[in-house]
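Since the structure comes first, as structure tokens, the remarks are kept for the end.
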Amino acid sequence: MKPRFSHNAYFLARYSHLRRFHHSHRRTFSSFLNNIRANYYGTRASSLGGSSGAGGGGGGTGDSKGNAFLLPGATMATILMLGALHARRLYEDKKIEEKRERGIELEFHPDVKASFLEILPLRSISRAWGSIMSKEIPVWMRPYAYKAWARAFHSNLEEAALPLKEYASLQDFFVRSLKEGCRPIDPDPCCLVSPVDGTILRFGELKGSRGMIEQVKGHSYSVPALLGNNSLLPMEPEGKDESQEEAVGDKSDKSWLRVSLASPKLRENISASPMKGLYYCVIYLRPGDYHRIHSPVDWNAMVRRHFAGRLFPVNERATRTIRNLYVENERVVLEGIWKEGFMALAAVGATNIGSIELFIEPELRTNKPKKKLFPTEPPEERVYDLEGLGLKLEKGKEVGVFNMGSTVVLVFQAPTANSPEGSSSSSDYRFCVKQGDRVRVGQALGRWDE
């Protein structure tokens with residue numbers, strides 16, 4: 001005879017598990033509030049002890065009770081934002097993980113939320129959020145605020161170069177440097193390393209017309225559109241035969257670079273494909289990741305472009321719902337050359353990313369107020385050194401920083417043998433990461449043999 005209470009017992013067990021989970025979180029939050037209250041009263045008593053005894057009497061006690069739970073407005077807004085971001089992240093991660101477990105590949109599908117984001121003043125919101133983030137937090141509260149952030153977004157506080165009380169604001173905490181030795185750089189001269197901590201979204205070799213990168217299944221964006229019409233990206237006209245291809249010359253001859261710098265307009269409106277041996281890698285930084293950008297190789301930065309675009313979010317949901325996300329968003333592009341040819345690094349901003357800073361150009365300011373609602377001005381461009389070799393950037397050295405998580409897109413030339421289509425040589429560049437891998441600064445993205 002089958003028992004009749006098996007289903008009830010299952011649901012009771014699930015309910016008791018949820019109750020234990022709920023009560024444990026309530027105890028954690030209550031403990032956090034008690035710690036804040038104790039620190040507040042201790043600080044208040046030490047500062048008002050003399051005055052309350054001498055002539056305060058009941059007035060001092062009433063003032064203390066009335067202000068017992070007052071917190072700076074900016075700090076309270078920050079705590080509420082952290083809680084909302086954490087709840088949203090947990091929900092979205094759960095849904096995505098369920099789909100992956102069932103073997104469902106996420107596809108591009110615009111929704112109402114994406115259309116709604118287009119009418120929001122995300123640039124102004126991001127500037128306001130950046131202002132809140134820069135507000136100074138009371139010294140006694142800093143460890144609690146930063147530990148709460150680390151718990152919510154899985155940050156490793158043991159790697160921070162300074163004690164938590166030394167970071168005056170959340171912005172200072174986000175852009176913190178790390179202890180020496182926390183990010184060892186792969187010393188292999190035949191490898192390209194990750195410039196950031198993050199998650200590998202896409203990588204591969206650029207092929208086909210216009211050099212397209214897949215944003216998500218069902219939608220791609222153009223690399224020239226990402227880097228700009230004046231990009232130094234080595235392209236070749238479509239339909240060339242082999243004799244014309246040989247006439248271009250050896251890859252070591254940087255004639256394409258000189259032509260691009262001297263007459264960038266020559267390359268517009270031409271149907272072209274990327275040259276063989278051009279690769280890309282897209283890395284997403286979560287809010288809890290280390291936010292500084294490092295150089296992936298030894299190279300010379302020739303040009304910097306600043307695109308004052310939108311500030312859509314760049315999380316996984318946004319990549320599935322917003323067309324040309326990385327092309328639409330504000331970004332800073334560095335282009336130049338290294339020993340194997342072309343190199344470009346695009347730092348793409350996002351909602352609440354108040355600024356993208358370059359250590360090599362401290363005067364650069366991003367997310368500035370615009371005079372026009374729908375600006376059509378070209379990107380702001382700066383040539384570091386037209387006649388020389390540009391700014392030298394050493395492998396593993398700091399280049400810039402995000403004021404929160406975002407995305408970095410690398411586009412580069414790498415060694416490729418002149419082998420038949422579909423075959424590979426031992427000298428070809430090979431990625432040593434997989435889609436979805438978590439990478440850290442200095443970790444090899446790909447290798448090749450001399």
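The residues of the chain are indexed from 1 along the displayed sequence.
- Checked by atom type and distance alone, the side chain of Ser155 pairs as donor or acceptor with a backbone atom of Gly288 at under 3.5 Å.
- Evaluated for a salt bridge (Lys or Arg N to Asp or Glu O under 4.0 Å) with Asp289, the options Arg176, Arg438, Arg440 yield exactly one hit, Arg438.
- Here the side chain of Ser295 pairs no donor or acceptor atom with the backbone of Gly396 at under 3.5 angstrom.
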Practice item. Let me see the working for Val409 and Cys281 under side-chain contact (heavy atoms from CB on, under 4.5 Å), right down to the final yes or no. Key: CA-CA 6 Å; Val409 182; Cys281 185; over 6 Å; no

Check your understanding: Are Leu410 and Leu445 close enough, and set up right, to give a side-chain contact (heavy atoms from CB on, under 4.5 Å), and what steps lead you there?
Key -> CA-CA 11 Å; Leu410 285 176; Leu445 294 177; 4.0 Å; yes

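- Here the straight-line distance linking atom NZ of Lys392 with atom CG of Asn300 works out to 7.5 Å at 0.5 Å rounding.
- Between the side chains of Asn324 and His219, at least one donor N or O lies within less than 3.5 Å of an accepting N or O.
- Counting all heavy atoms, side chain and backbone alike, Cys191 lies closest to Val297 at O-CG1, 4.2 Å.
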Review point. Should Lys147 and Leu157 be marked as a side-chain contact (heavy atoms from CB on, under 4.5 Å) after you check the CA-CA gap, both sets of side-chain angles, and the distance that decides it?
Key: CA-CA 8 Å; Lys147 288 178 181 178; Leu157 297 181; 3.8 Å; yes

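- Between Thr199 and Asp437, every side-chain heavy-atom pair lies at or beyond the 4.5 Å cut-off.
- Inter-residue side-chain proximity for Val411 and Leu233 is flagged as met; some heavy-atom pair is nearer than 4.5 Å.
- In this structure, the side chains of Arg292 and Val441 stay at 4.5 Å or more apart for every pair of heavy atoms.
- Within the 3.5 Å criterion, the main-chain N or O of Asp428 finds a donor-acceptor partner in the side chain of Arg430.
- For the pair Val314/Tyr326, a side-chain contact is recorded, criterion being any heavy-atom separation below 4.5 Å from C-beta on.
- Tyr146 has its ring centre no less than 6.0 Å from the ring centre of Tyr144.
- With ring centers used as reference points, Phe203 lies 6.0 Å or more from Tyr279.
- Between Lys179 and Glu159 there is no salt bridge, since no side-chain N of the basic residue sits under 4.0 Å from a carboxylate O of the acidic one.
- Using a 4.5 Å heavy-atom cutoff, the side chains of Pro224 and Asn229 are not in contact.
- Side-chain N or O atoms of Arg305 include none that pairs as donor or acceptor with a backbone N or O of Gly228 at under 3.5 Å.
- Residues Leu345 and Val399 have side chains not in contact (no heavy-atom distance under 4.5 Å, counting atoms from C-beta outward).
- Counting only distance, with no hydrogens or angles, the side chain of Gln443 and the backbone of Val193 share no donor-acceptor pair below 3.5 Å.
- Atom CG of Asp298 sits about 6.5 Å away from atom CD of Glu394, to the nearest 0.5 Å.
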**Study point:** From CA spacing to verdict: side-chain contact (heavy atoms from CB on, under 4.5 Å), Leu358, Leu334
**Key:** CA-CA 10 Å; Leu358 291 181; Leu334 288 177; 4.2 Å; yes

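- When all heavy atoms of Ala347 and Ile293 are compared, the closest pair comes out as CB-CD1, 4.0 Å.
- The pair Arg304-Glu361 meets the salt-bridge criterion, since a charged nitrogen lies less than 4.0 angstrom from a carboxylate oxygen.
- For the side-chain hydrogen bond (donor to acceptor under 3.5 Å, both in side chains) with His306, the qualifying choice from Glu381, Glu330, Arg365 is Glu330, the only one to do so.
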Review point. Given Ser220 and Gln215, is the side-chain hydrogen bond (donor to acceptor under 3.5 Å, both in side chains) satisfied, shown in steps?
Key: CA-CA 5 Å; Ser220 301; Gln215 178 175 307; over 6 Å; no

Practice item. Please assess Ser124 against Arg127 for the test side-chain hydrogen bond (donor to acceptor under 3.5 Å, both in side chains), listing each intermediate value before the final yes or no. Key: CA-CA 5 Å; Ser124 299; Arg127 282 194 297 273; 3.2 Å; yes

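- Here the CG-CG distance, from Leu311 to Asn329, works out to 6.0 Å after rounding to the nearest 0.5 Å.
- Pairing each heavy atom of Gly349 with each of Ile356, the nearest pair is N-CD1, 3.7 Å.
- Relative ring orientation between Trp448 and Tyr429 is described as tilted, the plane-to-plane angle lying within the 30° to 60° band.
- If you take CG on Asp197 and SG on Cys182, they are separated by 10.0 Å, rounding to the nearest 0.5 Å.
- Classification of the His294-Tyr290 ring pair by plane angle, with boundaries at 30° and 60°, yields tilted.
- Checking side-chain atoms of Arg142 against main-chain N and O of Ile137 turns up a donor-acceptor pair under 3.5 Å.
- Residues Pro143 and Lys165 come closest through the heavy atom pair CG-CG, 3.8 Å.
- Note: Phe342 and Phe412 fail the aromatic proximity criterion, with ring centroids not under 6.0 Å apart.
- Counting all heavy atoms, side chain and backbone alike, Leu325 lies closest to Pro313 at CD1-O, 3.5 Å.
- Atom CZ of Arg202 sits about 8.0 Å away from atom OG1 of Thr319, to the nearest 0.5 Å.
- Between Leu201 and Ile283 the shortest side-chain heavy-atom distance does not fall below 4.5 Å.
- Considering every non-hydrogen atom in both Ile337 and Trp299, the closest pair reads O-CB, 3.3 Å.
- The closest donor-acceptor contact from the side chain of Trp149 to the backbone of Leu170 lies at 3.5 Å or more, if one exists at all.
- Using a 4.5 Å cut-off on side-chain heavy atoms (C-beta onward), Arg310 and Leu122 make no contact.
- Atoms CD and OG, on Glu136 and Ser134 in that order, are 10.5 Å from each other to the nearest 0.5 Å.
- One finds a salt bridge joining Asp188 and Arg447 here, because a Lys/Arg side-chain nitrogen approaches an Asp/Glu carboxylate oxygen to under 4.0 Å.
- Panel note: side chain Glu335, backbone Leu232; a donor-acceptor pair is recorded below 3.5 Å.
- Lys395 places a side-chain N or O within donor-acceptor distance of the main-chain N or O of Asp186, the cut-off being under 3.5 Å.
- Using a 4.0 Å cut-off between charged side-chain N and carboxylate O, Arg183 and Glu398 make no salt bridge.
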